[in-house]
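Below, read A as the first sequence line, B as the second, and so on, with proteins coming before strands; counting in each chain starts at 1. Computed from a predicted structure; not experimentally measured.
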Amino acid sequence: MVAVAPTEDGGGRLLRLCDDGTADGDERHVADLVRAADAVERVESPRWLWASTATMYPRLLRAGVRVGRCHDVELTEALLLGYEGRYGEPRALPAIWARLRGLPVPPDPPAPDAAPRDQDALFDDLPDAAALADPLGALVEAYADQVARIAAVEHPGRFRLLVAAESAGALVAAEMGHHGLPWRADVHDELLRELLGEPSRLAGAPPRRLVELVERIRAAFGGARVHPESPADLLRAFSREGIVLPSTRAWVLRGVDHPAVPLILEFKELHRLWTAHGWSWREQWVRDGRFNPEYVAGGVVSGRWATRGGGALQIPKVVRRAVVADEGWTLVVADAAQLEPRVLAAVAGDTGLATAAATGDLYAALAADAFDGDRARAKVALLGAMYGQTGGAAVPALAVLQARFPTAWQYVERAARTGESGGLVRSWLGRTCPASDQRLSGERARARGRFTRNFVIQATAAEWALILLAGVRSRLAGTPARLVFFQHDEVLVHAPVGAADEVADAVRAAGEQAGRLLFGHSTVRFPLDVSVVRCYADAA
DNA sequence: TACAATGACACA
DNA sequence: TACGTGTGTCATTGTA
């Protein structure tokens with residue numbers, strides 16, 4: 001392992017370490033960090049120890065340097081603080097962040113009733129001068145501390161896998177952001193014109209079809225000046241016609257008998273396309289045939305990724321027509337089928353559910369076993385159990401689930417009760433939900449119960465996906481194929497046409513390995529639907 | 001005028 | 001078919 005800390009002059013300091021964090025050689029200073037890292041990577045491809053992949057790696061990527069493995073101290077620290085129930089501590093993360101960058105540690109905020117402090121006490125509080133000047137020392141110290149804390153968790157082996165997956169995920173996130181998703185601006189423009197009509201010559205003014213729809217909506221309201229993009233205005237317009245609505249949500253409007261309703265629904269859909277993924281979106285986010293969002297690994301408490309800008313994780317299905325492989329290239333699209341119920345079967349160790357999850361269609365197997373072959377009811381029951389549904393027609397189906405798969409049922413119920421009473425729940429590998437800030441009661445307690453019930457599943461599903469991603473990445477290393485998109489349970493690889501089958505096999509193999517790494521010899525399978533397409537919209 | 005809260009809806 | 005989890009983004013509306 002090689003620890004690396006950048007210095008302000010573009011150089012950096014390197015130190016070879018053993019796995020427990022003890023030094024294995026002398027520290028050396030290099031004038032050009034990027035070149036030095038490249039050389040070290042080529043010769044020995046070590047695991048890199050650094051403060052933050054998100055701040056270090058893009059710089060290397062811009063210089064054409066790719067690394068194989070790393071340990072990301074900040075992401076690991078967030079995982080450990082969460083595990084220890086300290087995530088909300090105001091100073092915990094900022095403190096380590098500052099020390100790793102050689103900055104002064106922010107002081108504790110003074111307690112509201114504290115007596116004024118004397119000079120000596122202030123002096124005691126000053127950051128250690130050596131630590132201040134020594135980010136590399138702080139890094140090595142933080143790593144050794146993390147190694148010891150990981151050894152103390154309930155399942156250290158699982159937690160080490162989590163740390164490795166989180167760090168690998170951060171590498172993938174930086175690489176995907178750097179590489180970008182192939183995006184045909186001309187195809188995007190064509191489909192926008194098709195759906196929205198001619199764009200206005202006036203910047204910021206709506207395209208033709210939206211203008212027409214507004215006119216027809218006004219006509220349906222007897223010529224009143226209605227602004228359909230304003231929910232409050234729409235509510236007023238309906239109430240003038242004697243129709244009082246709780247909101248203007250699409251599913252509320254669908255139950256309303258009024259000539260304006262179908263027009264409003266169409267307007268909403270197109271208006272959203274125009275504002276969220278229209279021409280100005282394209283101008284802002286698409287450059288040289290690539291959409292380059294910034295992925296934030298570990299950005300969601302459940303371990304799912306977030307993105308900053310561009311709404312990369314909410315690309316509407318119609319817009320996926322603009323995602324087209326380069327000439328001579330192809331897209332390998334793989335998504336995990338029924339990932340969350342399969343995760344439930346595996347983590348709960350419910351043998352009946354695991355038997356159903358050993359097949360390609362979990363819902364169908366479950367239906368055959370317990371729901372008289374009614375696949376839709378089986379699906380509703382399972383989703384209801386994972387999301388905490390309490391009412392509606394799912395209730396009888398939930399009762400069947402409870403009676404026939406008590407182990408799985410109890411697993412999610414226990415997570416819900418722990419959450420309601422303010423406790424912490426963990427994913428399979430040890431990612432921990434945020435602590436409750438106060439004692440809860442009533443609806444707020446129940447809401448936290450629904451959250452923790454879902455957390456144990458969603459966070460474990462995110463772990464499976466992260467391990468899949470890491471597996472795909474390492475199998476593609478040294479080939480021209482690139483991971484270009486990842487969305488919770490779906491990955492896209494941009495590959496030369498001739499390599500498509502090989503890449504598809506690699507993705508499937510990574511999926512099988514992810515299941516084994518997480519759950520050993522569980523009978524639960526995690527099949528991937530893989531398709532090889534020119535255009536993302538054509539994926540099955 | 002700037003920012004925060006809200007409503008709505010896209011994705012998994 | 002009924003609204004239960006997690007997000008990000010935009011427009012509107014309310015407040016400082």
Side-chain angles (χ1 to χ4, degrees), chain A residues 204 206 210 227-236 245-255 264-265 267-278 280-281 284-285 293-320 323 335-341 343-344 374 376-377 379-398 412 415-416 419 425 427 431 433-434 443 446-462 464-465 485-491 536:
Chain A
L210 284 180
H227 300 272
E229 71 279 12
S230 161
D233 210 40
L234 273 182
L235 288 181
R236 281 191 293 271
L245 298 175
S247 75
T248 62
R249 287 184 168 87
W251 66 269
V252 170
L253 291 180
R254 270 189 264 276
I264 295 170
L265 292 174
F267 175 88
K268 277 169 174 277
E269 204 178 315
L270 295 179
H271 187 256
R272 181 168 182 84
L273 175 65
W274 176 55
T275 54
H277 288 94
S280 58
W281 178 91
Q284 188 179 355
W285 293 104
E294 186 185 351
Y295 296 92
V296 187
V300 178
V301 288
S302 66
R304 284 182 168 183
W305 288 11
T307 55
R308 257 196 292 269
L313 300 182
Q314 296 104 247
I315 301 171
K317 292 205 163 130
V318 287
V319 179
R320 294 179 184 183
V323 180
D335 80 298
Q338 306 158 342
L339 177 57
E340 296 198 346
V343 163
L344 170 60
D374 189 340
R377 271 183 75 224
K379 182 176 176 176
V380 164
L382 213 42
L383 294 176
M386 289 188 299
Y387 291 150
Q389 186 160 17
T390 52
V395 169
L398 285 168
V412 289
V425 298
S427 69
R431 191 187 302 269
C433 75
E443 177 47 33
R446 283 190 293 278
R448 186 157 192 276
R450 287 194 296 272
F451 167 60
T452 52
R453 175 197 294 265
N454 186 248
F455 181 93
V456 295
I457 307 298
Q458 189 185 112
T460 305
W464 181 87
F485 193 59
F486 170 56
Q487 186 176 29
H488 310 314
D489 62 2
E490 185 176 16
V491 298
Y536 188 15

Problem set entry | With A:Arg453 via side-chain contact (heavy atoms from CB on, under 4.5 Å) - residues at least two apart | A:Val412, A:Glu413, A:Ala416
Problem set entry | Stem segments of DNA chain C by first residue number [Watson-Crick or G-U, under 3.5 Å, at least 3] | B:1-12 with C:5-16
Problem set entry | Sugar-phosphate, base or nothing in reach of A:Arg254, heavy atoms under 4.0 Å | nothing
Exercise. Whole Å only: how far is the CZ atom of A:Phe486 from the P atom of B:dA12?
Worked result: 13 Å
Exercise. What residues, two or more places apart in sequence or in another chain, satisfy side-chain hydrogen bond (donor to acceptor under 3.5 Å, both in side chains) together with A:Thr452?
Worked result: none
Exercise. Which is true for A:Leu383 with a 4.0 Å heavy-atom rule: it touches a base, it touches only sugar-phosphate, or it touches nothing?
Worked result: nothing
For this session: Output yes when a side-chain donor or acceptor of A:Arg448 lies under 3.5 Å from a complementary backbone atom of A:Gly419, and no otherwise.
Result: yes
Exercise. When the ring planes of A:Phe267 and A:His271 are compared, do they come out parallel, tilted or perpendicular, using 30° and 60° as the limits?
Worked result: parallel
Exercise. To the nearest Å, how far apart are A:Gln314 CD and B:dC11 P?
Worked result: 9 Å
Exercise. Who pairs with A:Val456 by side-chain contact (heavy atoms from CB on, under 4.5 Å), at least two apart in sequence or on another chain?
Worked result: A:Tyr411, A:Ala415, A:Val425
For this session: Could you check whether A:Arg308 gets within reach of a base, just the sugar-phosphate, or nothing at all, counting any heavy atom under 4.0 Å?
Result: sugar-phosphate
Output a table of nitrogen or oxygen pairs between the protein and nucleotides 5-9 of chain B separated by less than 3.5 Å.
residue, atom, partner, partner atom, Å
B:dA8, OP1, A:Thr248, N, 2.8
B:dA8, OP1, A:Thr248, OG1, 2.9
B:dA8, OP2, A:Arg249, NH1, 3.2
B:dA8, O3', A:Lys268, NZ, 3.1
B:dC9, OP1, A:Ala250, N, 3.4
B:dC9, OP1, A:Lys268, NZ, 3.0
B:dC9, OP2, A:Ala250, N, 3.1
B:dC9, O2, A:Arg272, NH1, 3.4
B:dC9, O2, A:Arg272, NH2, 3.1

For this session: Considering just the side-chain nitrogens and oxygens of A:Arg304, establish if one lies under 4.0 Å of OP1 or OP2 belonging to C:dG6.
Result: no
Seminar exercise, completed: Sorted by chain and number, sequence neighbours left out, side-chain contact (heavy atoms from CB on, under 4.5 Å) with A:Glu294 holds for A:Arg308
Problem set entry | Which residues share a side-chain contact (heavy atoms from CB on, under 4.5 Å) with A:Gln389, sequence neighbours left out | A:Ala394
Exercise. Is A:Gly311 touching bases, backbone alone, or none of the nucleic acid, heavy atoms closer than 4.0 Å?
Worked result: sugar-phosphate
For this session: Tell me whether C:dG6 sits syn or anti, counting syn as a glycosidic angle within 90° of 0.
Result: anti
For this session: Pick base, sugar-phosphate or nothing for A:Gln487, based on heavy-atom distances below 4.0 Å to the nucleic acid.
Result: sugar-phosphate
Exercise. Just checking A:Thr275: base, sugar-phosphate only, or nothing, at a heavy-atom cut-off of under 4.0 Å?
Worked result: sugar-phosphate
Exercise. Looking at B:dA12, C:dT7, C:dG4, which one has an atom nearest to any side-chain atom of A:Asp489?
Worked result: B:dA12
Exercise. Who passes side-chain hydrogen bond (donor to acceptor under 3.5 Å, both in side chains) against A:Asp233, sequence neighbours left out?
Worked result: A:Arg236
Exercise. So what does A:Gly299 touch, heavy atoms closer than 4.0 Å: a base, only the sugar-phosphate, or nothing?
Worked result: nothing
For this session: Using the test side-chain hydrogen bond (donor to acceptor under 3.5 Å, both in side chains), find all partners of A:Thr460 that sit at least two apart in sequence or belong to another chain.
Result: none
Exercise. Of all the choices, C:dG6, C:dT13, B:dC11, which nucleotide is nearest to the side chain of A:Ser230 once you look at every atom?
Worked result: C:dT13
